[in-house]
There are 2 protein chains.
Amino acid sequence: MTAPPPDPDSGADDAPAEEARRARDPQRTRSEILDVATGEFSANGFAGARVDEIAAKTRTTKRMIYYYFGSKQGLYLAVLERAYATIRSLEQQVDVEHLDPVAAIRQLSELTFDHHESHPDFIRLVGIENIHEAKHLAESEVLPGLSQPAVSVIGRILDRGRAEDIFRDDVDALDVHMMISAFCVFRIANRYTFNTVFGRDLLDSRLRGHYRTMLGDMVVEYLTSR
Amino acid sequence: MTAPPPDPDSGADDAPAEEARRARDPQRTRSEILDVATGEFSANGFAGARVDEIAAKTRTTKRMIYYYFGSKQGLYLAVLERAYATIRSLEQQVDVEHLDPVAAIRQLSELTFDHHESHPDFIRLVGIENIHEAKHLAESEVLPGLSQPAVSVIGRILDRGRAEDIFRDDVDALDVHMMISAFCVFRIANRYTFNTVFGRDLLDSRLRGHYRTMLGDMVVEYLTSR
DNA sequence: AGTTGAATTAACTAGTTCGTACATTACTCT
DNA sequence: AGAGTAATGTACGAACTAGTTAATTCAACT
């Protein structure tokens with residue numbers, strides 16, 4: 001039996017007193033472990049990541065990892081959950097109401113493009129989780145209900161576009177989400193093999209603008225055709 | 001010092017005599033190891049796959065794996081190389097010359113769609129290799145020169161389409177290849193997390209036709225716009 | 001038949017890796 | 001101040017894993 005885990009969120013009122021001291025700061029210890037673990041898991045996969053290595057890169061010890069997260073799997077799940085929680089804010093940023101449908105869908109595409117580019121760790125974690133057929137993610141209790149907003153934003157854009165009779169009506173919001181994600185994820189996730197096999201770095205900064213507009217064009221042209 | 005590895009391809013004339021007997025068949029032993037290893041690596045990742053487990057699922061022993069492939073990495077690379085070699089035949093099947101550009105690019109899209117759907121192992125291996133930043137693949141000596149045909153087929157289609165003035169001219173063959181692959185790969189690779197998060201199985205057989213035409217439409221509409 | 005070398009098998013080893021038992025320190029509340 | 005609890009450090013071990021040593025079997029050739 002391990003000691004009972006502490007309260008995950010015991011008040012956000014972190015006393016700003018004594019910045020220099022670092023002892024006894026569970027909040028910070030927890031998040032520091034998660035930060036390091038995110039990097040290690042995304043770089044080495046679940047089996048490839050080493051608990052000892054994660055501990056070594058932290059200012060705490062391995063004991064703390066087990067104290068807070070119980071097991072390697074528990075830590076991995078916590079990393080996944082935090083990563084998914086981070087992404088949910090994306091779709092909310094789209095200014096759906098004040099843009100016409102075409103501009104809105106293009107903005108959504110570009111926001112997704114930017115977000116994925118700046119969160120490669122998340123994409124790798126998702127890839128790793130898919131190798132394991134999402135069996136860890138399936139056990140998460142905080143995940144459900146995290147995705148509705150993402151889809152409903154797209155749904156509203158589609159509805160408006162159809163009301164104006166400029167969007168095709170044989171796809172739903174999830175299809176569009178998939179289409180955009182596929183493009184953005186592939187560019188990040190398959191960067192290395194693509195470069196090795198075809199000799200082109202999809203993340204070359206000179207190509208960034210090209211691929212960004214290419215994505216927007218692709219989605220818009222597809223939706224407005226017919 | 002290990003014994004020198006045998007000739008990888010010493011004649012394909014397998015004597016059909018004595019089907020029942022299985023002793024002393026290096027050709028077969030080798031390929032059986034590769035078959036099992038492909039499954040194990042794609043299911044568990046490089047670090048997660050167990051050499052003992054691979055050996056156990058074969059009719060040979062672990063020593064044979066080291067005899068033929070030298071190391072776990074050597075086996076993994078051999079698996080990768082064989083998987084990539086399998087895929088190269090795809091683009092050759094497109095009937096570029098006898099179809100108009102639009103029909104040709106649609107056929108290519110659908111062939112890619114079908115191929116990826118029937119080779120999930122390959123896609124998972126590529127994903128795993130990307131987690132390791134393609135460092136294993138980079139050491140392959142048989143890989144270079146395997147990808148040109150794939151791209152040149154698309155290049156010829158694009159050229160014809162532009163000669164007829166029906167294709168846009170701000171993308172090259174690699175871009176189109178990327179666009180098609182992204183869609184097909186995402187559908188397979190992210191199947192599990194997508195289903196867990198959004199509750200839709202991208203590989204549901206009832207959705208297959210929908211996504212297949214969606215891909216073709218997407219590529220064609222994009223290329224023919226403007 | 002006898003020799004040679006490739007193919008195969010079983011048992012072993014040296015090094016990791018996750019997880020824990022136990023001891024200790026800091027903080028909080030009365 | 002003192003008791004009780006939360007947080008942390010150290011050291012260790014049981015289980016596992018990649019890779020090896022060494023002995024054995026088989027097939028082909030002379």
Side-chain angles (χ1 to χ4, degrees), chain A residues 1-11 13-15 17-18 20-33 37 40-41 44-78 136, chain B residues 1-11 13-15 17-18 20-33 36-37 40-41 44-79 136:
Chain A
M1 290 295 172
T2 24
D7 191 357
D9 45 359
S10 57
D13 56 313
D14 48 325
E18 276 125 320
R21 299 194 60 235
R22 79 175 71 103
R24 297 292 134 131
D25 191 344
Q27 209 74 14
R28 161 160 196 147
T29 300
R30 240 187 95 94
S31 96
E32 190 179 344
I33 291 173
E40 288 297 303
F41 280 125
N44 306 309
F46 175 73
R50 302 287 166 233
V51 178
D52 282 311
E53 183 66 17
I54 293 171
K57 290 189 177 177
T58 316
R59 266 180 280 141
T60 58
T61 63
K62 184 167 58 162
R63 181 70 186 80
M64 283 293 92
I65 293 173
Y66 285 92
Y67 184 65
Y68 284 113
F69 303 100
S71 66
K72 189 183 181 181
Q73 279 211 29
L75 173 61
Y76 174 70
L77 179 58
H136 305 102
Chain B
M1 289 297 172
T2 22
D7 190 357
D9 45 0
S10 57
D13 55 314
D14 49 326
E18 276 125 320
R21 298 195 60 237
R22 78 175 71 107
R24 297 290 139 130
D25 192 342
Q27 209 74 14
R28 159 155 198 154
T29 300
R30 238 187 96 94
S31 95
E32 191 179 344
I33 292 172
V36 174
E40 289 296 304
F41 281 125
N44 306 309
F46 175 73
R50 303 287 167 232
V51 178
D52 282 309
E53 184 65 20
I54 294 171
K57 290 190 176 177
T58 316
R59 267 179 278 142
T60 58
T61 63
K62 182 164 63 160
R63 185 66 186 88
M64 282 291 93
I65 292 172
Y66 285 91
Y67 182 66
Y68 284 114
F69 303 100
S71 66
K72 188 183 182 182
Q73 280 211 30
L75 173 61
Y76 174 70
L77 179 58
V79 164
H136 304 103

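Just so we're on the same page: letters track the sequence lines, and every chain starts at 1.
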Without decimals, in angstroms, what is the distance between [X] [atom1] and [N] [atom2]?
X: B:I65; N: C:dA7; atom1: CD1; atom2: C1'; result: 15 Å
X: A:M64; N: C:dA21; atom1: CE; atom2: P; result: 15 Å
X: A:R50; N: C:dT16; atom1: CZ; atom2: P; result: 11 Å
X: A:K62; N: D:dT10; atom1: NZ; atom2: P; result: 13 Å
X: B:E32; N: C:dT8; atom1: CD; atom2: P; result: 10 Å
X: A:R63; N: C:dA26; atom1: CZ; atom2: C1'; result: 16 Å
X: A:Y67; N: C:dC22; atom1: OH; atom2: P; result: 18 Å
X: A:Q73; N: C:dG19; atom1: CD; atom2: C1'; result: 14 Å

Subject >> Any donor-acceptor pair under 3.5 Å from B:E32 side chain to B:R59 backbone >> reply: yes
Original post:
Do any N or O atoms from the side chain of B:R50 and from the backbone of B:A47 form a donor-acceptor pair under 3.5 angstrom?
Top reply: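 Confirmed, B:R50 side chain pairs with B:A47 backbone.
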Original post:
What nucleic acid atoms does B:A55 come within less than 4.0 Å of, heavy atoms only: base, sugar-phosphate, or nothing?
Top reply: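 Touches nothing.
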Original post:
With a 4.0 Å cut-off on heavy atoms, is B:A49 in touch with a base, just the backbone sugar-phosphate, or nothing at all?
Top reply: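 The answer is sugar-phosphate, as B:A49 gets under 4.0 Å only of primed atoms, P, OP1 or OP2.
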Subject >> Selected nucleotide, minimal atom distance to A:Y66 side chain, candidates D:dT8, C:dG19, C:dT8 >> reply: C:dG19
**OP:** Mind listing the closest non-hydrogen atom pair of A:A49 and A:N44 along with its distance?
**Re:** N-CB, 3.7 Å
Original post:
Of the non-hydrogen atoms in A:I54 and A:I33, which two are nearest, and what is the gap between them?
Top reply: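 Here A:I54 and A:I33 meet closest at CG2-O, 4.4 Å.
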Subject >> Side-chain N or O of A:T60 closer than 4.0 Å to phosphate OP1/OP2 of D:dT8 >> reply: no
Original post:
Within the pair A:T29 and D:dA7, is there a side-chain N or O less than 4.0 Å away from OP1 or OP2?
Top reply: no
Original post:
Parallel, tilted or perpendicular: which describes the rings of A:Y76 and A:F41, with under 30° parallel and over 60° perpendicular?
Top reply: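 The rings of A:Y76 and A:F41 stand perpendicular, inter-plane angle above 60°.
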**OP:** Could you tell me whether the side chain of A:K72 has a donor or acceptor atom within less than 3.5 Å of a complementary atom in the base of C:dG19?
**Re:**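 For A:K72, whose side chain was compared with the base of C:dG19, there is no donor-acceptor pair (under 3.5 Å).
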